[in-house]
A.B. asks: 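This is the structure I want to talk about, given as structure tokens.
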Amino acid sequence: MRTIDEQGYHFEEWLTPAEIARDVQQVADKISADYQEKEPLFVVVLNGAFVFAADLLRALKDIRCEVTFIRVSSYFGMRTTGQLQFIVPLQQVVDNRDVIIVEDIVDSGLTIHQLKAHLRAQGATSIRVATMLYKPNKMEYDDAVPDYVGHEITDEFVIGYGLDFDGFVRNLDAVYKVKE
Ligand code: IMP
Ligand code: MG
């Protein structure tokens, strides 16, 4: 098993690249089936979701779609600050669009809760959420439960495949879990 040491913490490989690829394909197949008659607009939440989004969008089958990006931040180190900042605002009109938010991980649900309110206010027809990882035990908002999930995880902090630790290690090709 591969391991990484980062900022004094020890991490062990938890999802291999092959396992991630399977999870991504399964999510892509569900979205492809659900959006056959639609032209969804994918809203990718930067920075973390860029790796998942790149794989997910290329795994879709026969879907005509658009993709745009938004950058938000609620995290500092291993903890959420509870306050969502729109660092790069939405640049695309979402009025009358079927929107699919693409996230790396849904934790408390704060990001999705606030983002959904924002997109709803801008007139989106429908809003669904696709996330690589989901921490169901930590969910605090009814409207933030993701519709498409690559893999569920308990409360541990994870890095890699887009997920950072203070900005670093997003480039790891696997998901690593912190070990006490
Ligand atoms: P939420 O708003 O509490 O759902 O947090 C969502 C955001 O927190 C994600 O988009 C990530 O950027 C970050 N996050 C949550 N859990 C982790 C983790 O285990 N590792 C790295 N980032 C995380
Ligand atoms: Mg994120």
Side-chain angles (χ1 to χ4, degrees), residues 1-17 19-20 23-24 27 31 42-57 67-90 99-121 127-180:
M1 185 205 299
R2 293 185 291 173
T3 64
I4 299 271
D5 289 306
E6 175 67 24
Q7 299 184 53
Y9 290 88
H10 186 67
F11 292 85
E12 288 179 355
E13 187 175 26
W14 174 62
L15 288 179
T16 66
E19 288 167 334
I20 291 170
D23 292 340
V24 171
V27 169
I31 292 174
F42 288 88
V43 174
V44 179
V45 184
L46 296 174
N47 291 331
F50 80 102
V51 180
F52 174 50
D55 287 344
L56 177 67
L57 280 141
V67 57
T68 190
F69 301 86
I70 192 166
R71 183 168 172 209
V72 299
S73 178
S74 68
Y75 252 62
F76 183 76
M78 286 197 185
R79 235 172 296 271
T80 183
T81 60
Q83 193 51 53
L84 195 69
Q85 291 175 284
F86 286 82
I87 297 165
V88 176
L90 197 62
V99 173
I100 303 175
I101 300 170
V102 182
E103 258 288 27
D104 49 2
I105 187 164
V106 178
D107 186 349
S108 71
L110 174 79
T111 306
I112 294 301
H113 174 71
Q114 296 193 5
L115 203 48
K116 272 191 167 174
H118 184 69
L119 294 167
R120 233 181 269 122
I127 307 167
R128 284 187 185 168
V129 176
T131 186
M132 179 57 207
L133 298 173
Y134 175 39
K135 295 179 176 172
N137 300 343
K138 296 187 72 186
M139 177 52 62
E140 292 173 19
Y141 301 88
D142 289 343
D143 71 344
V145 175
D147 304 277
Y148 306 98
V149 175
H151 221 102
E152 289 194 357
I153 175 174
T154 47
D155 298 352
E156 300 102 319
F157 188 76
V158 284
I159 57 170
Y161 197 67
L163 290 152
D164 72 307
F165 186 7
D166 278 345
F168 288 88
V169 298
R170 293 192 197 276
N171 57 304
L172 298 173
D173 66 357
V175 177
Y176 289 74
K177 232 182 213 180
V178 71
K179 291 290 154 191
E180 258 64 32

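Note that the structure is a prediction, hence the values are computed from the model and not measured. First listed ligand is number 1; within each ligand, the first listed atom is number 1. Throughout, residue positions are numbered sequentially from 1 according to the sequence presented.
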A.B. asks: Does the separation of the ring centres of Phe165 and Tyr9 fall below 6.0 angstrom?
C.D. replies: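 Ring centroids of Phe165 and Tyr9 are less than 6.0 Å from each other.
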A.B. asks: Which of these passes side chain to side chain contact (heavy atoms under 4.5 Å, CB included) with Met132: Ile105, Val106, Val149, Ile20?
C.D. replies: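 Exactly one option meets the side chain to side chain contact (heavy atoms under 4.5 Å, CB included) with Met132, and it is Ile20.
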A.B. asks: Got a sec: does the CG of Asp142 have more than 12 other heavy atoms crowding it under 6.0 Å?
C.D. replies: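 At most 12 heavy atoms, drawn from other residues, nucleotides or ligands, come within 6.0 Å of this atom.
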A.B. asks: How does Lys138 reach ligand 1, if at all, at less than 4.0 Å between non-hydrogen atoms: by side chain, backbone, both, or neither?
C.D. replies: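 For Lys138, no heavy atom sits under 4.0 Å from ligand 1.
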A.B. asks: For ligand 1, find out whether one of its N or O atoms is nearer than 3.5 Å to an N or O atom of Phe157.
C.D. replies: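 No.
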A.B. asks: Name all residues meeting the ring-ring contact (aromatic ring centres under 6.0 Å, His included) criterion together with Phe50; count only those two or more places apart in sequence or in a different chain, and write none if there are none.
C.D. replies: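 Phe50: no ring-ring contact (aromatic ring centres under 6.0 Å, His included) contacts found.
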A.B. asks: On a heavy-atom basis, I'd like to know which of Ile112, Asp155, Ile105 is closest to atom 23 (C) of ligand 1.
C.D. replies: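 Selected option, by shortest heavy-atom distance: Ile105.
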A.B. asks: Against His151, only a single residue in Phe52, Trp14, Tyr134 fulfils ring-ring contact (aromatic ring centres under 6.0 Å, His included); can you say which?
C.D. replies: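 The single option meeting the ring-ring contact (aromatic ring centres under 6.0 Å, His included) with His151 is Trp14.
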A.B. asks: Check this for me - ligand 1, Thr111, N or O atoms closer than 3.5 angstrom, yes or no?
C.D. replies: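 Between Thr111 and ligand 1 (N or O atoms, distance only) the closest approach is under 3.5 Å.
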A.B. asks: Pick from Asp55, Leu172, Asp173: which one makes a side chain to side chain contact (heavy atoms under 4.5 Å, CB included) with Tyr161?
C.D. replies: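 One option only clears the test, and that one is Asp55.
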A.B. asks: Mind checking the CD1-CD1 spacing from Ile101 to Ile112? Nearest 0.5 Å is all I need.
C.D. replies: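 Here the interatomic distance stands at 4.5 Å.
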A.B. asks: Which atoms of ligand 1 sit under 4.0 Å from any heavy atom of Glu103?
C.D. replies: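 Selected atoms, number and element: 10 (O).
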A.B. asks: So if I count the atoms of ligand 1 from 1 in the order they appear, which ones are less than 4.0 Å from some heavy atom of Asp164?
C.D. replies: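 Answer for ligand 1: 21 (C).
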A.B. asks: Taking 4.0 angstrom as the limit and counting only heavy atoms of Leu163, give me the atoms of ligand 1 inside it, by number and element.
C.D. replies: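 Result: 21 (C), 22 (N).
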A.B. asks: Please work out which of Leu110, Leu133, Asp107 has its closest non-hydrogen atom nearest to atom 5 (O) of ligand 1.
C.D. replies: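 Heavy atom nearest to atom 5 (O) of ligand 1 belongs to Asp107.
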A.B. asks: Can a non-hydrogen atom of Gly109 be found less than 4.0 Å from any atom of ligand 1?
C.D. replies: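 The answer is yes, since Gly109 has a heavy atom less than 4.0 Å from ligand 1.
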A.B. asks: With heavy atoms under 4.0 Å as the rule, classify the contact between Asp104 and ligand 1 as side chain, backbone, both or neither.
C.D. replies: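 The part of Asp104 near ligand 1 is the side chain, not the backbone.
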